[in-house]
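Shown next, in structure tokens, is the structure this report addresses.
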Amino acid sequence: MPLRVAAISFLNPAPLLYDFEHEPAASALAPHYQLHYTTPALCADELLSGAADLGLIPIASLTSDLAIVPGCAIASLHEVRSILLLVKNPHHLPVADALQQVRTLAADAASRSSLAYAHILFERFHNTRPNFLESPANPVTMLAAADAALLIGDPALLARQHRESIDPHNQLLWLDLATLWRQHTHLPWVAAVWAVRPQSLTEIPPAQLIVDLTTSRDNGLAHIDTLVREWTPRLDLPPATIHTYLTQNIHYTLDPACLQAITLFRQLAAEIKALPPLPTLNILQ
């Protein structure tokens, strides 16, 4: 029976999914993996409920019952661009002072990790507790109802593309959440990892799963131009922006620094009660 795979329908995992979506690898993998697409948060829900066996899930959703598959990640070593915090700042205050003024934050709830990062930013790093309001990912309507807006994934990239129409009088701070995290921790920002229900690996050995996923990533990174051609019609973004995003903004390797970042993220999130504790990371062996 094939592994049921919950994947994310955003641009940033496209290199990780390359072999699952392109021939000849897709046909070779099809008997072993049954792929479907959803949001990061729902991807995690399916894995945790047992509706999926393998998922690309936010690190906020990791539990001790799920095993992290070594090799791949969705992370960033500097600016990620796709996690965007917009803050009203009509008086052009310094960033720290402007963040202190935020009382309400309209948040796209597409990713639990990004929401938790925002809680850590305000509560742990700036000692303030804004009220989070769940909202559809429209920066104009979000900022009409709140002091700040958090955009996640493709809506964040699109907002950057339309900055002049969103902020014609330059009264907003455009802050990259990954950059802010790195400034405070000196560690990579990590959004998601492949996680698996270990008991589901009855027909695919763990070593084969790791090889299949890392090979797919490597092939995706070797075919960035193909991915740019495929994604340009889907998004209102120039090809050069998509190319830069996939090659420079996103880091696709789950290296030791990323594991350290996940551990710190979960520790800080637990300290402010944004997430339950996760004492140790369960790495698939």
Side-chain angles (χ1 to χ4, degrees), residues 1-75 109-113 153-154 190-223 226-227 230-231 234 250 252-255 258-259 262 266 275-276 278-285:
M1 184 173 177
L3 281 185
R4 299 163 299 166
V5 184
I8 302 172
S9 55
F10 282 167
L11 169 62
N12 56 22
L16 300 183
L17 299 171
Y18 188 85
D19 280 0
F20 295 91
E21 299 174 334
H22 296 83
E23 297 296 348
S27 293
L29 293 171
H32 309 291
Y33 301 93
Q34 186 178 62
L35 202 68
H36 68 279
Y37 298 88
T38 183
T39 67
L42 292 177
C43 187
D45 288 344
E46 291 184 13
L47 196 57
L48 293 167
S49 69
D53 304 309
L54 173 69
L56 194 55
I57 71 168
I59 61 171
S61 299
L62 289 170
T63 72
S64 56
D65 293 329
L66 301 176
I68 297 172
V69 183
C72 302
I74 295 177
S111 169
R112 294 188 185 119
S113 293
D154 298 344
V190 185
V193 294
W194 282 114
V196 67
R197 298 170 61 246
Q199 63 271 32
S200 68
L201 296 178
T202 56
E203 298 184 18
I204 300 178
Q208 186 61 51
L209 174 63
I210 295 168
V211 168
D212 289 343
L213 296 180
T214 54
T215 300
S216 181
R217 175 203 62 198
D218 293 345
N219 287 335
L221 293 176
H223 292 86
T226 299
L227 293 172
E230 292 173 352
W231 276 89
R234 304 181 200 178
I250 302 295
Y252 289 104
T253 300
L254 186 63
D255 53 32
C258 286
L259 291 171
I262 296 172
R266 291 301 301 256
L275 293 173
L278 184 64
T280 58
L281 300 183
N282 180 11
I283 309 296
L284 184 67
Q285 303 294 327

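None of the values given here were measured: they were computed from a predicted structure.
Scanning all heavy atoms of the two residues, the minimum distance from A195 to L47 falls at O-CD2, 3.4 Å. When all heavy atoms of L227 and Y18 are compared, the pair lying nearest together is CD2-CD1, 3.8 Å. Closest approach of A7 and C43 over heavy atoms only: N-SG, 4.2 Å. Shown here for P2 and Q34, the closest heavy-atom pair between the two residues is CB-N, 4.1 Å. Of all heavy-atom pairs between L221 and P15, the closest is CD2-CB, 4.1 Å. Between Q285 and P206, the shortest heavy-atom distance links the atoms O-CB, 3.4 Å.
Counting heavy atoms from C-beta on, the side chains of D218 and Y252 never come closer than 4.5 Å. Two residues are said to be in side-chain contact when any heavy atoms from C-beta on lie closer than 4.5 Å; R217 and T253 meet this criterion. L16 has its side chain out of reach of S216: every pair of non-hydrogen atoms, C-beta onward, lies at least 4.5 Å apart. Side-chain contact between L54 and S200: absent, with no pair of heavy atoms (C-beta onward) separated by less than 4.5 Å. Considering only heavy atoms from C-beta on, L281 comes within 4.5 Å of I262 through its side chain.
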Enumerate donor-acceptor pairs with a distance under 3.5 Å from any side-chain N or O in residues 59-74 to protein atoms, sequence neighbours excluded.
residue: S61; atom: OG; partner: R112; partner atom: NH1; Å: 3.1
residue: T63; atom: OG1; partner: D65; partner atom: N; Å: 3.2

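No donor-acceptor contact under 3.5 angstrom links the side chains of E230 and T226, judged on distance only.
For the atom pair CG of L35 and CG of L17, the computed distance is 6.0 Å after rounding to the nearest 0.5 Å. The CG atom of L11 sits 5.5 Å away from the CG atom of D154 when rounded to the nearest 0.5 Å. With rounding to the nearest 0.5 Å, the separation of CG in L259 from CD1 in I283 is 5.0 Å. Rounded to the nearest 0.5 Å, atoms OG1 (T280) and CZ (R266) are 11.0 Å apart.
Without hydrogens or angle criteria, E203 side chain to M1 main chain gives a donor-acceptor distance under 3.5 Å. The main-chain N or O of R4 is found under 3.5 Å from a side-chain atom of D53 such that the two form a donor-acceptor pair. Not one N or O on the side chain of N12 forms a donor-acceptor pair closer than 3.5 Å with the backbone of G153. In this structure, E23 contributes its side chain and S27 its backbone to a donor-acceptor pair below 3.5 Å.
Remark: A51 pairs with E46, S49 by the side chain to side chain contact (heavy atoms under 4.5 Å, CB included) rule, at least two apart or across chains.
Sorted by first then second residue, the ring-ring contact (aromatic ring centres under 6.0 Å, His included) pairs that include residues 32-64, not counting sequence neighbours, are F20-Y33.
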Practice task
Evaluate the side chain to side chain contact (heavy atoms under 4.5 Å, CB included) criterion for residues L284 and V196: first the C-alpha distance (whole Å), next the side-chain angles of each, then the deciding distance (0.1 Å), finally the verdict.
Solution key: CA-CA 8 Å; L284 184 67; V196 67; 4.2 Å; yes

Practice task
Please lay out, stage by stage, how W194 and T214 fare under the test side chain to side chain contact (heavy atoms under 4.5 Å, CB included).
Solution key: CA-CA 10 Å; W194 282 114; T214 54; over 6 Å; no

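The side chain to side chain contact (heavy atoms under 4.5 Å, CB included) test with L213 is passed by exactly one of T215, I210, V211, L209: L209.
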